[in-house]
Each structure stands twice: as structure tokens, then as C-alpha cells.
There are 2 protein chains.
Amino acid sequence: MEKLAEMLKAKKLKVTPQRLAIFGILYNTRNHPSAETIYKALQPTHPTMSLATVYKTLDTLKKSDLVEELNVGEDSFRYDATISPHPHAICLKCNSVEDLDTKVLDNITSEIQDETDFDIISEKLYFYGYCKKCKTSK
Amino acid sequence: MEKLAEMLKAKKLKVTPQRLAIFGILYNTRNHPSAETIYKALQPTHPTMSLATVYKTLDTLKKSDLVEELNVGEDSFRYDATISPHPHAICLKCNSVEDLDTKVLDNITSEIQDETDFDIISEKLYFYGYCKKCKTSK
DNA sequence: ATGCTTGCAAACGCTTTGCACTCTG
DNA sequence: CAGAGTGCAAAGCGTTTGCAAGCAT
């Protein structure tokens with residue numbers, strides 16, 4: 001938890017209980033929760049926190065590159081504590097969003113850079129299909 | 001235009017002027033317009049068409065795999081007449097969305113398939129940066 | 001003729017905003 | 001203490017839905 005506070009300070013953000021709680025959730029899970037999910041998860045421990053605060057905080061963290069916003073095609077956004085760029089896999093059955101552990105995409109950015117006229121700054125790669133648990137019982 | 005009607009029929013969809021108009025716009029531009037943009041573009045020629053019809057039609061086309069829905073991170077969706085799967089490049093300056101012409105990604109799906117436990121059905125690949133026009137005047 | 005499609009308006013759900021209060025640095 | 005963050009309620013906006021009328025097959 002101390003670590004999270006340091007990360008906020010490094011970005012010159014004020015350290016508040018709400019920010020620590022929200023950032024903490026994202027930092028310690030790989031579920032890629034939505035704002036609503038984060039809000040509900042914090043209800044027990046932070047019953048007075050409002051959904052608006054969750055959104056405002058996520059926006060702040062996003063602007064400081066501590067958190068990435070994912071558009072997997074649902075009606076709401078999901079969030080991910082950004083460590084390094086990595087592709088996401090969305091299960092069409094259970095709707096889970098997991099990090100894809102692969103090295104295949106490591107060099108594609110520079111390769112695409114060489115092939116096209118487009119200057120790439122960042123990327124979002126989504127793969128849709130069936131996760132380990134669901135693919136057997138499609 | 002005849003061609004579009006055939007494509008609709010092939011998917012067992014009724015051929016209506018509205019569907020032809022909307023599909024036609026998507027089929028003949030590479031702008032990846034939003035529902036709103038499509039609606040406005042059709043105002044001159046189809047003044048009675050409602051925005052709801054645009055949404056319903058896009059949904060129909062989407063379900064028949066004639067159109068792909070893009071989540072580039074804006075507040076609204078964009079649409080693309082799907083020919084073959086291809087990555088998209090979003091310009092951070094002019095907000096244009098263009099098709100990326102590259103072969104780099106051709107085999108990644110099967111490669112990822114081999115590396116991970118995830119069964120890939122489809123993919124959406126977005127690259128953010130600066131387009132040819134904007135990169136000189138960043 | 002029948003069932004799908006359209007158009008209108010109202011509803012919906014996620015996200016944002018305004019403002020007064022509170023807290024961090 | 002000043003300025004930024006929080007919480008509440010209300011507003012905003014893209015998208016969806018219900019229903020009556022119209023059209024494709």
C-alpha cells in the first residue's frame with residue numbers, strides 16, 4: 001500500500017484514501033473491472049464513496065498513465081493498472097478479460113512503423129474467443 | 001448498388017432503401033463513420049430516416065457480419081464494412097481512423113493460439129499515433 | 001397476407017458536471 | 001491556508017426500446 005502512495009506522489013497527485021483504494025483494486029487484481037465493479041467492491045470498506053469519485057479518480061489516474069482504459073465492446077469501460085503494454089483476451093462466453101501472455105507481438109509496433117506511414121505511439125490489441133475454462137464447454 | 005442488394009439477400013435480409021443507403025455509405029468510404037455521422041450524411045437524400053433506424057440497421061448488419069463495430073476509445077462507436085480483418089490506426093491529432101495496410105499481423109492469430117490457452121475467434125487491433133498528414137505538424 | 005422494418009418519442013444506462021464541503025500538502 | 005478532491009444530485013449523451021404504421025417478400 002505504501003508503494004501505491006509513492007506512485008501517486010511520483011505523478012504529483014495528492015494521496016487520498018479514495019485514490020489509494022481505487023488504485024489498489026486495479027493494482028491487485030487482473031480482472032479489469034468496470035467503474036461500477038470497483039464501486040461495488042469498495043462499498044464494504046468505503047461505504048461513503050460515490051460513483052462519481054470513482055469516475056473522477058479513474059480519469060485522473062488515466063491522465064497520469066497509471067491506469068489504462070479498455071474498450072472491449074461492452075457498454076461500459078474497463079480499467080487496467082498499466083504495467084507494460086500487453087494484449088487482452090475477451091472470452092465470448094464468460095465475458096472475462098484477461099491479459100494475454102505472449103511474446104508474438106513484441107516487435108510488431110516497429111515492424112508496422114517501417115511498413116506504413118503511421119507514427120505509432122500506443123496500441124490496444126483485443127482478441128475475442130474462448131478462454132481456457134470455457135473452450136471445453138463451448 | 002446492385003451488388004449491395006445481393007449481399008443483403010445472401011444473408012437473407014430484406015432489401016430496403018434504408019439498408020442500402022446505410023450499407024452503401026459504409027461500403028464506399030474508408031472513414032469509419034459513427035451512427036451520427038451516417039445519419040447526417042443521409043439527411044440530404046433520405047430526410048425522413050431516423051437515427052433509430054440507423055442504429056437498428058447497423059445492429060442487423062453487424063449480426064450478419066456485413067459490418068464491424070469499432071471501439072476506438074471515443075464516446076461513440078464507429079463502423080466499418082468488413083471485408084477482411086485488418087488493424088486500424090487512430091490519429092491522436094485529427095481523430096481519423098484509417099485501415100492499416102500491413103502484412104505484419106497476418107499470422108499472429110495462429111501464433112498466439114499456439115502460445116496460449118486461448119481460442120481466438122476474432123480480433124480488434126488498434127494503433128494510436130499520428131497519421132501521415134499530422135505527423136509532420138505534431 | 002404476414003411478418004419484418006421504419007419512424008417517432010420516450011426510456012435507459014453509463015458517464016460527466018456543478019456546487020458546497022472537506023481534506024491534503 | 002489555498003487549492004485540489006469528494007459526495008450528492010442532476011444533467012448529458014449515445015444508444016435502445018415500444019408501438020403503430022408501412023413495406024418487402
Side-chain angles (χ1 to χ4, degrees), chain A residues 1-2 4-25 32-43 45-64 66-67 69-79 95, chain B residues 1-2 4-24 32-43 45-64 66-79 95:
Chain A
M1 240 8 173
E2 199 52 37
L4 297 178
E6 294 308 323
M7 293 177 74
L8 291 174
K9 281 180 193 163
K11 296 286 185 175
K12 290 174 184 162
L13 298 176
K14 286 188 181 176
V15 178
T16 70
Q18 291 86 342
R19 287 183 177 173
L20 286 175
I22 294 166
F23 192 27
I25 286 215
H32 312 84
S34 66
E36 185 80 30
T37 306
I38 295 171
Y39 174 65
K40 283 182 182 157
L42 291 174
Q43 287 286 64
T45 50
H46 299 70
T48 65
M49 189 184 316
S50 78
L51 189 52
T53 298
V54 176
Y55 278 108
K56 285 172 186 168
T57 300
L58 288 172
D59 193 53
T60 305
L61 296 175
K62 195 170 57 180
K63 284 178 179 156
S64 295
L66 291 173
V67 153
E69 190 174 63
L70 307 180
N71 314 269
V72 303
E74 297 172 324
D75 23 323
S76 58
F77 289 113
R78 282 170 176 259
Y79 298 87
N95 296 315
Chain B
M1 238 10 171
E2 200 51 38
L4 297 178
E6 294 308 323
M7 294 177 72
L8 291 175
K9 279 180 196 164
K11 297 285 184 175
K12 292 174 182 161
L13 297 176
K14 286 188 180 176
V15 178
T16 69
Q18 292 88 340
R19 287 182 175 173
L20 285 174
I22 293 166
F23 192 27
H32 311 85
S34 65
E36 184 80 32
T37 306
I38 294 171
Y39 174 65
K40 284 182 183 157
L42 291 174
Q43 287 288 64
T45 50
H46 299 70
T48 66
M49 190 186 313
S50 79
L51 189 51
T53 298
V54 176
Y55 279 107
K56 285 172 186 168
T57 300
L58 289 172
D59 193 52
T60 304
L61 296 175
K62 196 169 57 179
K63 284 176 178 158
S64 295
L66 291 173
V67 152
E68 181 190 6
E69 190 174 62
L70 306 181
N71 316 272
V72 303
E74 297 171 324
D75 23 322
S76 58
F77 290 113
R78 282 168 175 261
Y79 297 87
N95 296 313

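Here is how names work: the chains are called A, B, and so on, in the same order as the sequence lines, proteins then strands, and each is numbered from 1.
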Inter-residue atom distance A:S34.OG - A:L70.CG, 0.5 Å rounding: 11.0 Å

Are any of B:S50's side-chain N or O atoms less than 4.0 Å away from OP1 or OP2 of C:dT6? no

A:R78 (side chain) donor-acceptor with A:H32 (main chain) under 3.5 angstrom: yes

Going 5' to 3' through nucleotides 16-25 of chain D and flagging B where a protein heavy-atom sits under 4.0 Å of the base, S where only the sugar-phosphate is that close, and - otherwise, we get BBB-----BS

I'd like to check A:L66 versus A:L13 (side-chain heavy atoms, cut-off strictly below 4.5 Å). Are they in contact? yes

Salt bridge or not for A:K56 and A:D59, using N-O below 4.0 Å? no

Sugar-phosphate only, base, or nothing, as touched by B:T48 at under 4.0 Å among non-hydrogen atoms: sugar-phosphate

Got a donor-acceptor contact below 3.5 angstrom from the B:K11 side chain to the B:S64 backbone? yes

Only one of B:L51, B:I22, B:T53 passes side-chain contact (heavy atoms from CB on, under 4.5 Å) with B:Y39; say which it is. B:L51

Can you tell me which nucleotide in D:dG7, D:dT15, D:dG5 comes closest to the side chain of B:A35? D:dT15

Taking only residues two or more places apart in sequence, or in another chain, which ones meet A:Y79 in a ring-ring contact (aromatic ring centres under 6.0 Å, His included)? none

A:Q18 vs C:dC23: side-chain N/O to OP1/OP2 distance below 4.0 Å: no

Short side-chain N/O contact from B:S76 to OP1 or OP2 of D:dG14, under 4.0 Å: no

Nearest-Å distance for atom pair CZ/P, residues A:R19 and D:dG7: 12 Å

Determine whether a donor-acceptor pair (N or O, by modelled atom type, separation under 3.5 Å) exists between the side chain of A:R19 and the backbone of A:T57. no

Could you state the CG-C1' distance from A:N71 to C:dC14, rounded to the nearest angstrom? 13 Å

Going from CD on A:Q43 to CE on A:M49, what distance comes out if it is rounded to the nearest 0.5 angstrom? 8.5 Å

Please round to 10 degrees the angle between the axis of the first five pairs and the axis of the last five pairs in the helix from C:dA1-D:dT25 to C:dG25-D:dC1. 50°

Can you tell me how far C1' of C:dC14 sits from CD1 of A:I38, to the nearest Å? 14 Å

Could you tell me whether the phosphate oxygens of D:dT6, OP1 or OP2, come under 4.0 Å of any side-chain nitrogen or oxygen in A:T57? yes

If I take atom NZ in residue A:K40 and atom C1' in nucleotide C:dG13, what distance separates them, rounded to the nearest angstrom? 12 Å

